[in-house]
Enquirer: 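My questions will all concern the structure given below.
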Amino acid sequence: MIERTLSIIKPDGVSRNLIGAVVTRLEQEGLKIVAMKMIRMSKEEAKGFYKVHEGKPFYESVTDFMSSGPCVVMILEGDDGIQRYRKLMGATNYKEAEEGTIRRNFATDIEKNVVHGSDSVENADYEINYFFNALEIAGR
Ligand code: GDP
């Protein structure tokens with residue numbers, strides 16, 4: 001089934017000049033980028049984005065991190081897109097991520113793990129609408 005998913009190149013990925021490397025991996029995997037922009041989240045916007053994690057010990061820290069600098073947000077589209085992109089990213093903790101995944105190759109920390117990807121159809125829908133309006137989604 002063709003699915004859309006939300007991808008973020010997090011502030012560590014942008015500041016370490018990894019935008020091109022990440023985009024190359026997405027395109028090599030055959031995922032289509034149907035929307036893309038650079039944004040800078042406020043602390044409140046980062047809290048809204050990660051509201052599913054409210055109350056967890058890392059909530060303050062991860063929302064500080066996500067609002068610490070610019071991010072690149074993208075909508076990716078492809079057959080089984082949500083799971084294919086999750087597999088390409090690798091496990092949250094880069095030390096447990098499979099060889100060849102983006103996090104295994106580039107992450108430096110459990111928090112500073114370079115990329116985000118939606119984990120379900122429901123969350124993809126919420127996250128896409130959190131960042132993009134209809135005019136910004138090209139479709140292709
Ligand atoms: P993801 O779906 O693989 O990104 O993982 P989660 O939804 O569980 O966590 C969201 C984000 O919070 C992760 O990508 C990390 O940036 C951060 N995070 C997750 N677990 C931890 C943790 O134990 N400590 C810290 N500091 N950050 C974490």
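What you see is a predicted model; the values in this text were computed from it and never measured. Every number for a ligand or one of its atoms is a count from 1 in the order of the listing. What you see below is based on every heavy atom in this structure, not just the backbone, and it leaves out hydrogens, waters and symmetry mates.
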Enquirer: What about the rings of Phe131 and Phe49, do their centers lie closer together than 6.0 Å?
Expert: yes
Enquirer: A side-chain contact here means heavy atoms from C-beta on lying under 4.5 Å apart; do Val114 and Arg16 qualify?
Expert: yes
Enquirer: Please step through side chain to side chain donor-acceptor pair (under 3.5 Å) for the pair Lys43 and Thr63, ending with a clear verdict.
Expert: CA-CA 6 Å; Lys43 172 79 173 173; Thr63 52; 2.8 Å; yes
Enquirer: For Arg103 and Asn93, run side chain to side chain donor-acceptor pair (under 3.5 Å): C-alpha distance rounded to whole Å, both residues' side-chain angles, the deciding distance at 0.1 Å, then the answer.
Expert: CA-CA 8 Å; Arg103 283 169 166 173; Asn93 184 348; over 6 Å; no
Enquirer: Who's touching ligand 1 if we go heavy atoms under 4.0 Å?
Expert: Lys10, Tyr50, His53, Phe58, Val62, Arg86, Thr92, Arg103, Ile110, Glu111, Asn113
Enquirer: Is the side chain of Arg84 donor-acceptor paired with the backbone N or O of Asp79 at a distance under 3.5 Å, no angle test?
Expert: yes
Enquirer: Honestly curious: do Tyr50 and Phe132 fall in one hydrophobic cluster under the side-chain, below-4.5 Å linking rule?
Expert: yes
